[in-house]
Amino acid sequence: MIVRADTRFVVLLAGLAVACLLADTAAANPFGVARPDPSVAVQSGPLAGLFGWIAAKQSEFYRALSGLVAAFRTDPGAGWALAGLSFLYGLFHAAGPGHGKVVITSYLVATGETMRRGIVLSFAAAFVQALTAIAMVTVLTVILRATSIAMTQATGFVEIASYALIALIGARLVYGKSLALIAKMPVGSPQTVAAGAPGHGHHHHHHGHGPDCGCGHDHAPDPASLGGPFSLKRAWTAVLAVGIRPCTGALVVLVFAFSQGVYAVGVASTLAMAVGTGLAVAILAALAVGARGFAARLADDGAGWAAVGLQTVELLAALAVCAFGLLMLGGALQAGL
Amino acid sequence: MYLKSVRKSVLAGAAVAAGTIVSAGGAGAHPHVWVDSRSDILFNADGAISGIRHAWTFDEMFSAYAIQGLDEDNDGKLTREELQPLAQVNVESLNEFDYFTYLGVIGVDEVYGVFRDPVDYWLDYDGTKLTLHFTLPLTEPFDPKQGLTAIEVYDPTFFVDFQLAETDTALLVDAPSGCRLDIERAEGFDTATANLLSQFPADVRELPPEILELTEGNANTIKVVCE
Ligand SMILES: [Zn+2]
Ligand SMILES: [Zn+2]
């Protein structure tokens with residue numbers, strides 16, 4: 001019991017430490033309108049150059065978009081170029097966690113979804129995000145003729161709702177995962193655990209790993225993931241949590257298209273961006289799910305400690321979802337409406 | 001950048017460390033807003049700089065976003081009155097960013113001007129672009145003869161891409177004779193630095209000192225030379 005209390009405390013403390021450390025990212029805009037897409041990452045290491053190049057391209061595409069939207073008025077032939085550019089902007093721009101990259105991939109790792117579902121969820125989140133942007137601009141700008149100031153406030157509201165939901169989903173995952181891990185810890189020696197493994201003819205990574213996994217066949221449901229066919233249904237909460245925060249880039253392009261009298265072009269561009277964003281997130285999600293699947297196979301066939309390791313990874317992923325939600329929520333609250 | 005930024009970098013350190021924990025890779029900062037900047041350097045009767053009057057012209061896309069819903073009488077024109085609430089929001093938000101304006105003596109960290117809240121702020125719209133006008137008074141007049149004085153206009157985090165305007169870039173207003181301007185445009189970042197900066201989240205306002213050093217030579221610098 002002491003072990004259990006200790007672990008819980010450590011988990012809680014780690015969560016809080018991460019949350020506090022991260023809470024300082026305000027998402028204000030220097031000119032007070034159009035909240036920027038938040039991001040929390042600074043890249044270093046071998047991939048820094050690649051990410052820098054991506055950022056530079058993204059900026060280039062974004063600037064070129066305005067020219068093409070304006071050009072469409074006189075030359076509808078610009079439509080294809082616009083669609084292509086929007087797709088590329090979405091693809092390159094998705095590197096920012098405003099597009100749920102962190103949340104979706106961590107969520108998939110924590111819940112052990114399949115590759116196919118991971119890809120579906122990535123695209124779903126991107127499209128929900130595009131639809132939110134379209135809905136917001138249609139209602140606020142086109143119908144209500146709201147000001148940019150009101151629009152920025154509205155974006156602030158949905159941002160806060162989005163991050164609060166992400167934090168809640170993360171907290172729920174952390175709770176479930178830590179219970180699972182704690183239940184795992186005291187179960188005998190590595191040998192005992194390993195002994196159960198050879199008889200294991202099926203793979204586990206398709207369902208939420210219960211506390212028993214790798215050590216017998218008592219498949220009690222993991223409190224955080226009820227596993228099986230219901231997981232996709234549950235995953236929609238994650239999709240919505242990520243998706244209700246519209247992309248600032250899309251908002252600006254939509255409003256600009258409306259101001260140029262070619263609103264439909266803005267809508268098409270936003271949807272093309274979503275395809276690009278979905279693809280980028282899906283690639284990352286597939287990589288994460290693939291890595292996790294590999295770990296799960298090791299855990300299934302191998303030593304019991306591998307299973308503990310896998311559950312630790314799941315717990316860390318759950319913590320990442322929670323910490324991300326708290327960090328962004330803190331930033332959004334600090335930035336105010 | 002010749003003037004040392006007076007900002008703290010502690011927060012940036014935390015944010016950077018935190019960001020590295022949470023996320024692998026991200027592209028946030030990269031310019032989102034492009035600004036053409038013009039500045040008037042205002043002098044008092046004693047020959048000291050008393051403030052700076054900026055006119056910042058925003059890019060078309062940002063302008064279109066910012067003006068939405070502000071044409072209250074629907075006459076297709078935006079008057080100064082209609083734009084005033086936006087101007088207010090602009091200058092209030094800029095406060096947190098030090099108005100992207102730094103005044104000091106080149107090479108001396110301790111000698112710099114401190115600005116008060118902006119006065120006389122307003123916006124005008126030419127049909128495609130918005131221009132924000134505002135005056136930043138100094139809390140204490142700044143004697144340009146105490147060293148090689150310069151004004152820098154730039155966003156160290158590169159969220160806003162400031163360019164010095166081609167014409168009327170900077171003017172001396174009521175300056176004593178013997179004063180002139182020497183304008184140095186930002187050369188633009190070399191690829192490596194641009195890449196590095198572009199990776200900072202749009203919302204991180206405090207860069208670590210070693211990063212700030214990298215941006216040396218990339219500020220838009222208006223030198224005020226008084227003999
Ligand atoms: Zn089993
Ligand atoms: Zn975005």
Side-chain angles (χ1 to χ4, degrees), chain A residues 18 21-22 24-34 36-44 47-49 51-56 58-59 62-63 65-66 70 92-93 95-97 101-102 141 144-151 248 251-253 255-256 258-260 320 323-324 327 331 335, chain B residues 11-12 14-34 58-71 74 85-86 88-94 96-97 99-100 132 155 159-161 191-192 194-205:
Chain A
V18 173
L21 193 61
L22 299 184
D24 267 319
T25 30
N29 177 290
F31 303 109
V33 290
D37 274 354
S39 61
V40 285
V42 172
Q43 186 66 35
S44 56
L47 289 178
F51 281 104
W53 180 77
I54 286 175
Q58 175 198 344
S59 181
Y62 178 75
R63 263 223 118 166
L65 273 182
S66 63
F92 284 75
H93 179 62
K101 176 192 67 178
V102 178
T141 305
L144 297 178
R145 306 272 165 160
T147 63
S148 54
I149 300 158
M151 182 79 130
T248 309
L251 289 178
V252 175
V253 169
V255 170
F256 181 67
F258 176 65
S259 78
Q260 302 293 301
F324 179 85
L327 154 71
Chain B
L11 282 182
V16 168
T20 322
I21 296 165
V22 166
S23 165
H30 65 85
H32 270 82
V33 182
W34 287 261
F58 299 109
D59 68 276
E60 232 179 291
M61 194 138 70
F62 180 80
S63 297
Y65 187 88
I67 58 152
Q68 61 179 310
L70 290 175
D71 184 13
N74 275 312
L86 181 60
Q88 175 98 27
V89 168
N90 287 166
V91 292
E92 278 170 7
S93 306
L94 279 166
E96 227 180 285
F97 301 86
Y99 306 96
F100 300 122
L132 174 67
D155 178 0
F159 179 83
V160 185
D161 188 352
T191 320
N195 286 351
L196 194 69
L197 282 176
S198 67
Q199 289 147 38
F200 277 87
D203 34 29
V204 166
R205 308 311 312 174

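Note on naming: letters A, B, ... go to the chains in the order of the sequence lines (proteins, then strands), and numbering restarts at 1 for each one.
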Shortest non-hydrogen contact between [X] and [Y], atoms and distance:
{"X": "B:Tyr65", "Y": "A:Val252", "value": "CD1-CA, 3.6 Å"}
{"X": "B:Ala66", "Y": "A:Ser148", "value": "O-OG, 2.6 Å"}
{"X": "A:Ser259", "Y": "B:Ala64", "value": "OG-CB, 3.6 Å"}

For A:Phe256, ring-ring contact (aromatic ring centres under 6.0 Å, His included) partners two or more places apart: none

Do we see a donor-acceptor contact under 3.5 Å between the side chains of B:Glu60 and A:Ser66? no

Can you tell me how far the CZ atom of A:Phe31 sits from the CZ atom of B:Phe58, to the nearest 0.5 Å?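 One gets 4.0 Å once the value is rounded to the nearest 0.5 Å.
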
Sequence neighbours left out, what passes side chain to side chain contact (heavy atoms under 4.5 Å, CB included) with A:Thr147? Give chain and number order. A:Ile149, A:Ala150, B:Leu70

Using the six-membered ring wherever Trp is involved, compare the ring planes of A:Tyr62 and B:Trp34 and label them parallel, tilted or perpendicular (cut-offs 30° and 60°). parallel

Heavy-atom distance under 4.5 Å to chain B: side chain of A:Leu144, backbone, both or neither?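 The answer is neither part of A:Leu144.
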
